[in-house]
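Since the structure comes first, as structure tokens, the remarks are kept for the end.
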Amino acid sequence: AHGVRAAQHGVHAAQHRTPRLKTKRPQQKSGVPSAMHVELGRVLAEGGEGKIHELPARPGYVAKVYHQAPSAEKAAKLSALVEARTPALLKVAAWPVELLRAEPGGAPIGVVLPRIDEPKDIHLLYGPRSRLSAFPLAGWPFLIRAAANLARAFAVVHAHGHVLGDVNDRVALVTDRALVRLIDCD
């Protein structure tokens, strides 16, 4: 299924069953950006904007490939987000680290993000029934820690001069230790 989507973006899989994309890595010390092939793995999730693919050769990362090519304005925003990444942002958010391109120098068709494996949707903490199912040991201390960690994550984003424009009940993931990671930061 993702081969069809990739073909719409002009990505050619050659002799591979999964598409290969180019990423623009951050500037090397020489000042020259390097490009590399990225092979997409299975689809982990799908949302309104795109599909999240595993990256078999890079287990700590995933690729978000957009359903539709980003506008020039969105492409500029994605590039700025990649350039603005810091260790502090990467600690609290699935912040874009690289742009995905169908061909070197082409328009972005997606981004590479840090992979978040263990966490569950934070909205599962909201109601007693879903909380008991997803977080059976979560009492008031856990809820307070998760809420404080969510506030800290937003504070880090704000301290870097950024604003999350689409805050909803699926804006963050939380672990069984009440650690929070913001998602959909692109």
Side-chain angles (χ1 to χ4, degrees), residues 2 23-26 38 40-67 70 74-100 108 110-186:
H2 57 276
T23 71
K24 181 179 177 185
R25 285 260 172 133
V38 173
L40 299 178
R42 67 184 172 94
V43 174
L44 301 173
E46 184 172 359
E49 271 194 319
K51 293 181 181 179
I52 305 294
H53 293 263
E54 67 181 359
L55 295 176
R58 298 177 68 188
Y61 296 91
V62 296
K64 180 175 184 177
V65 179
Y66 297 109
H67 295 309
K74 173 84 172 187
K77 174 187 165 187
L78 293 172
S79 183
L81 289 173
V82 168
E83 293 302 317
R85 76 194 175 288
T86 66
L89 286 169
L90 294 173
K91 187 174 181 181
V92 299
W95 199 266
V97 297
E98 295 173 26
L99 297 176
L100 286 175
V111 291
V112 175
L113 307 162
R115 184 174 179 147
I116 304 172
D117 281 323
E118 295 177 36
K120 301 169 190 155
D121 287 334
I122 199 165
H123 73 85
L124 296 172
L125 287 175
Y126 298 175
R129 190 172 296 152
S130 61
R131 182 171 53 243
L132 185 59
S133 174
F135 299 94
L137 302 177
W140 282 109
F142 181 91
L143 295 174
I144 292 167
R145 243 184 356 266
N149 287 336
L150 179 62
R152 286 184 192 102
F154 274 99
V156 169
V157 172
H158 293 165
H160 283 79
H162 306 293
V163 176
L164 296 178
D166 185 16
V167 177
N168 58 51
D169 63 341
R170 297 185 188 265
V171 72
L173 300 175
V174 63
T175 69
D176 290 330
R177 296 184 305 143
L179 300 176
V180 172
R181 296 282 297 272
L182 300 171
I183 57 173
D184 275 342
C185 296
D186 58 320

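Listed by chain and residue number, Arg115 satisfy the side chain to side chain donor-acceptor pair (under 3.5 Å) test with Asp117 (two or more places apart in sequence, or in another chain).
Listed for the Lys77 side chain is a donor-acceptor partner under 3.5 Å among the backbone atoms of Asp186.
One distance of note links CD of Glu98 with CG of Leu100; it measures 8.0 Å at 0.5 Å rounding. Atom CD1 of Ile52 sits about 10.0 Å away from atom CD of Glu46, to the nearest 0.5 Å. Atom CZ of Arg145 and atom CG of Leu179 lie 8.5 Å apart (nearest 0.5 Å).
Side-chain contact between His162 and Leu89: present, with at least one pair of heavy atoms (C-beta onward) separated by less than 4.5 Å. Proximity of Phe154 to Val167: side-chain heavy atoms (C-beta onward) are separated by under 4.5 Å at one or more points. Residues Leu137 and Phe142 fail the side-chain proximity criterion, which asks for heavy atoms closer than 4.5 Å. Looking only at side-chain heavy atoms (C-beta outward), Val82 and Val97 stay at 4.5 Å or farther from each other.
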Could you walk me through whether Leu182 and Val157 satisfy the side-chain contact (heavy atoms from CB on, under 4.5 Å) test, starting with their C-alpha distance in whole Å, then the side-chain angles of each, then the deciding distance to 0.1 Å, before giving a yes or no?
CA-CA 9 Å; Leu182 300 171; Val157 172; 3.7 Å; yes
Evaluate Thr86 against Trp95 for side-chain contact (heavy atoms from CB on, under 4.5 Å), listing each step before the verdict.
CA-CA 9 Å; Thr86 66; Trp95 199 266; over 6 Å; no
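Between Ala75 and Pro70, the shortest heavy-atom contact is N-CB, 4.2 Å. Across all their heavy atoms, Asp169 and His123 have their closest contact at O-CB, 3.2 Å. Listed here is the closest heavy atom pair of Val112 and Arg58: CG1-NH1, 4.2 Å.
Under the side chain to side chain donor-acceptor pair (under 3.5 Å) criterion, no residue pair touches residues 124-143, with sequence neighbours excluded.
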